Q: 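This is the structure I have questions about; it appears just below.
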Amino acid sequence: MLRTARTASKADAERVATRLPIDTILVGDCIDHMNSLPAGSIDLIFADPPYNLQLEQGLTRPDQSRVDAVDDDWDKFDSFAHYDAFTRAWLSAARRLLKPDGALWVIGSYHNIFRVGAALQDLDFWMLNDIVWRKANPMPNFRGTRFTNAHETLIWAAKSQKSRVTFNYEAMKLANDDTQMRSDWLFPICTGSERLKDEDENKLHPTQKPEALLFRILNATTRPGDIVLDPFFGTGTTGAVARKLGRHFIGIEREQAYIAGARQRIASIRPGVFEALQSVTPKRKEARIPFGSLVEQGLIEVGAQLFDAGRRYSAMVRADGSLVSGPHQGSIHKVGALVQGSESCNGWTFWHHEQAGRMEPLDTFRTDIRQKLDLLSA
């Protein structure tokens, strides 16, 4: 049954993928293109929409040189009502495209993120987190009239409250030196060789995002082979990182200069090696292996002695998979807690069994069984 279900699921995914222009940049209006794609076909959407900065005059430095700020036509809207209508339109199209367990990331500044957040909730997206991207090297406030704007905000939202979104918790914890990943992220803005330039050595795109930001987002909330849509593709940061991490992308962009830069950028990237792209398997998704199955399969013999790592405590294995240690008896967890006088204990890591002269934690034997099950169901 496991094999049949898994094969069917893979076949369904392949059928959907053949109807999608994966690893492609669609040229034109994002809403038109999103409405033409199959419903329920996208795993994740990352959106970096226009911020509607409403700059009424240019920015200058103290030496009167001009700041290369965002003054492009694509960031200009007639009114907040116009911007709100645009936001609801692309978010509605995005929601239709997401799979039932799909999710969306959207990034913005104080100019627009609150309006986007309200629209998300009005459209029944389910808020998961807001992330603060703290810039290590923000642009100063040259006029000295406000606080330096040193961060942007990202919203991570599920398609619905019932969505079981991908979150590679263990991978994020490992990446953060075995500490839970927080919702404040420190990255520098896009600079140096990563920043795409035009023929005059000016920024090709004024708001190109750093690859490190997308690397964390895709690594945290997608799996290899997932399809990621970016409706405001720009110079292709999402596509570049997706290619490195073994994810598929669909980009939508209407500015020809950005498209040319993105295509050249992505073409130069070698896809990641599959084995290196795998993340730690979430513990909650691993097959449940009761200790008794180790006894049944002969991996641990009836009557065998178990010890803690320091050999301070010992227990005998009984035929039903329970342990006995002096007056204490019960499961590997219960007896482990009782001998220590603790409220709880993870018996899989506490108890060890001597194997070929080495002390191995019980978790090693459980891993062996899981690997056998994976081979059988592959």
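Computed from a predicted model, the values in this text were never measured in an experiment.
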Q: What's the verdict on salt bridge (Lys or Arg N to Asp or Glu O under 4.0 Å) for Lys135 and Glu152, showing C-alpha distance, side-chain angles and the deciding distance?
A: CA-CA 8 Å; Lys135 301 174 183 178; Glu152 293 184 28; 2.8 Å; yes

Q: For the aromatic rings, using the six-membered ring if either is Trp, is the centroid distance between Trp351 and Phe291 under 6.0 Å?
A: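 No, they do not, as the ring centres are separated by 6.0 Å or more.
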
Q: Can you name the residues that form a ring pair (Phe, Tyr, Trp, His ring centres under 6.0 Å) with Phe249, not counting sequence neighbours?
A: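 With sequence neighbours excluded, Phe249 shows a ring pair (Phe, Tyr, Trp, His ring centres under 6.0 Å) to Phe233, given in chain and number order.
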
Q: Under 3.5 Å, is there a donor-acceptor pair linking the side chains of Tyr169 and Gln180?
A: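 On atom types as modelled, these side chains qualify, holding a pair under 3.5 Å.
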
Q: Consider only side-chain N and O atoms of Ser322 and Arg318, and report whether a donor and an acceptor are under 3.5 Å apart.
A: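 Present: a donor and an acceptor within the cut-off.
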
Q: When Ile252 is tested against each of Val27, Asp230, Leu229, Ile31 for side-chain contact (heavy atoms from CB on, under 4.5 Å), which residue passes?
A: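 That would be Leu229.
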
Q: Decide whether His248 and Asp23 meet the rule of one side-chain donor and one side-chain acceptor closer than 3.5 Å.
A: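 His248 vs Asp23: donor-acceptor pair found between side chains.
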
Q: Do Ser163 and Trp126 have side-chain N/O donor and acceptor atoms under 3.5 Å apart?
A: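 Judged by distance alone, the side chains do not pair up.
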
Q: If you define the side chain from C-beta out and look only at heavy atoms, does anything of Asn141 sit under 4.5 Å from Phe147?
A: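 Contact flag for Asn141/Phe147 side chains = no.
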
Q: Side chains of Phe350 and His333: closer than 4.5 Å at any heavy-atom pair?
A: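 SC-SC contact between Phe350 and His333 ruled out.
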
Q: For Arg265 and Thr237, does a side-chain donor sit closer than 3.5 Å to a side-chain acceptor?
A: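 Yes.
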
Q: Does a side-chain heavy-atom distance below 4.5 Å link Asp101 with Lys159?
A: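 No, every pair of side-chain atoms sits at 4.5 Å or beyond.
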
